[in-house]
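Below is one structure, written out as C-alpha cells, with a few remarks after it.
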Amino acid sequence: MRSIVNSRTDLPAFTTPRFDAGDLAFQDIEPGEDQRWSTWPATTPSERGPEPRPDWLVTSAAAIDTELGVVKSGKEADLFLIERAVPGADAAVTGNAVLLAAKRYRGAEHSDFHRSQVYTEGRGTRRSRDARAVAKGTSFGREVAKVQWAYAEFEALSRLTELGAAVPYPVQVAGTEVLMEFIGDAHGVAAPRLAQVRATPGELRELFHQIVDFMHTLAAGGLAHGDLSPYNLLVHDGRIVVIDLPQVVDLVSNPQGFDLLHRDCVNVCSWFTRQRLECDPEELFGELVGMVAM
C-alpha cells in the first residue's frame with residue numbers, strides 16, 4: 001500500500017516566484033506591512049492542492065496575501081489568518097478575495113517533535129543525509145524536520161480530500177508553511193472545537209456519526225488519524241471538520257498503526273460518554289479494523 005506521508009525533503013524550501021508580467025502590469029501598488037504578493041505562482045504543481053480545485057480559490061498572480069493575525073498557537077506550529085485578494089473595491093463581490101489559514105511549523109526547541117517517531121515509523125526519507133540529521137537532532141536536522149511535517153500534513157490533507165473526508169482543502173505548501181481552507185465565518189472567527197461545543201443529545205448523536213464516518217473513510221483507505229480528540233475536531237455549521245493531520249499513519253506500514261487507531265477510538269468514545277452519549281470503543285475499533293484492506 002502506498003503511504004501518503006512520505007517525506008518531501010528533496011524539494012527546495014523556497015522557489016523563485018514566477019510572476020506573469022501581464023497579471024501585474026495594471027498594478028501601481030506594492031505590498032505593505034504584513035503583506036506579500038500571493039505565493040501561489042511560486043509553487044510547483046506538486047505543491048498545490050488536488051484538482052478539481054474549489055471555486056473560491058484565488059490563484060491570480062496579482063493577488064496580495066495580507067496577514068490578519070494569529071488564530072492559534074500550538075506546540076509544533078502557529079496558525080495565522082490570511083486574506084488573499086486581488087486589490088480592488090469589488091474583490092469580495094467578484095470572488096477575488098478569500099480567507100485562508102496559514103499553518104507555520106516552528107523549531108524543535110519550541111515543540112514536541114521528539115514524540116514524532118511513533119508516527120513516522122514506516123515512512124521513507126529519500127535522502128539518507130536528511131534522515132541522519134533528523135535522528136541526531138542537528139540544527140540542519142531540525143530544519144529538515146519542520147519541512148517534513150509541513151509536507152506530511154499537506155500530503156495527508158490532499159489524500160483525504162481525494163477520499164472525500166471532512167478536512168480543510170489544502171491550497172498549497174511552501175517550505176514550513178501549509179496554506180489551507182479557513183474553517184470559520186466571513187469575519188475571520190474560527191469554528192469552535194468539539195470540546196467547546198454545548199449540544200443537545202440529538203446534535204451530539206449527529207456529530208458522533210459524522211466522526212465515525214470520517215474514521216470509516218480513513219480506515220477504508222488504510223489510514224488512521226493517530227491523534228484524534230475533541231480538540232482537533234471543529235464544528236462548523238453543524239458539520240465536523242478534522243484538523244491537525246501531519247501524524248496520519250498508514251495502518252499497514254506503521255507497526256504502531258493499529259494501536260494508534262485504537263487510541264483514536266478510545267479518545268472519541270470517552271469524550272462522548274462523558275457527554276452522556278454511550279458508545280463502545282472496542283466495537284468501533286472492530287468495525288474499523290474490518291474495513292482495512294490488508
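In the hydrophobic clustering of ILVMFWY residues, with side-chain heavy atoms under 4.5 Å counting as a link, Val98 and Tyr169 come out together. With hydrophobic clusters built from ILVMFWY side chains whose heavy atoms lie under 4.5 angstrom apart, Trp149 does not share a cluster with Phe80.
The closest side-chain heavy-atom distance from Ile64 to Trp37 is below 4.5 Å. Contact check for Phe154 versus Met180: no side-chain heavy atoms found under the 4.5 Å cut-off. With contacts defined as side-chain heavy-atom distances shorter than 4.5 Å, the pair Phe272/Leu194 qualifies. Looking only at side-chain heavy atoms (C-beta outward), Leu68 and Leu99 come within less than 4.5 Å of each other. A 4.5 Å side-chain heavy-atom check between Leu288 and His216 finds at least one atom pair inside the cut-off. Looking at heavy atoms from C-beta onward, Tyr151 lies in side-chain contact with Glu47 at the 4.5 angstrom threshold. Phe214 has its side chain within reach of Val167: a pair of non-hydrogen atoms, C-beta onward, lies under 4.5 Å apart.
When all heavy atoms of His225 and Ile243 are compared, the pair lying nearest together is NE2-O, 3.2 Å. Nearest heavy atoms, Pro87 versus Ala62: CD-O, 3.4 Å. Of all the heavy atoms in Ala150 and Val178, the pair that sits closest is O-CG2, 3.3 Å. Taking each heavy atom of Pro168 and Leu157 in turn, the nearest pair found is O-CD2, 3.6 Å. In terms of heavy-atom proximity, Gln210 sits nearest to Gly238 at NE2-O, 3.0 Å. Between Leu223 and Leu251, the shortest heavy-atom contact is O-CD1, 3.5 Å.
With rounding to the nearest 0.5 angstrom, the CG atom of Leu218 is 10.0 Å from the CE atom of Met291. Taking CG of Asn267 as the reference point, atom NE2 of His262 lies at 10.5 Å (rounded to 0.5 Å).
A side-chain donor from one of Arg84 and Thr39 sits under 3.5 Å from a side-chain acceptor of the other.
Side chain of Asp264 to main chain of Ala224: no donor-acceptor pair is present (N/O by atom type, distance under 3.5 Å, no hydrogens or angles). Side chain of Gln256 to backbone of Val249: no donor-acceptor contact under 3.5 angstrom is found. Panel note: side chain Arg263, backbone Gly226; a donor-acceptor pair is recorded below 3.5 Å. With hydrogens and angles disregarded, no donor-acceptor distance shorter than 3.5 Å links the side chain of Glu177 to the backbone of Ala174.
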Next item on the list: Go through the steps for Asp78 and Arg104 under the test salt bridge (Lys or Arg N to Asp or Glu O under 4.0 Å), then give the verdict.
Entry: CA-CA 5 Å; Asp78 295 320; Arg104 297 170 185 164; over 6 Å; no

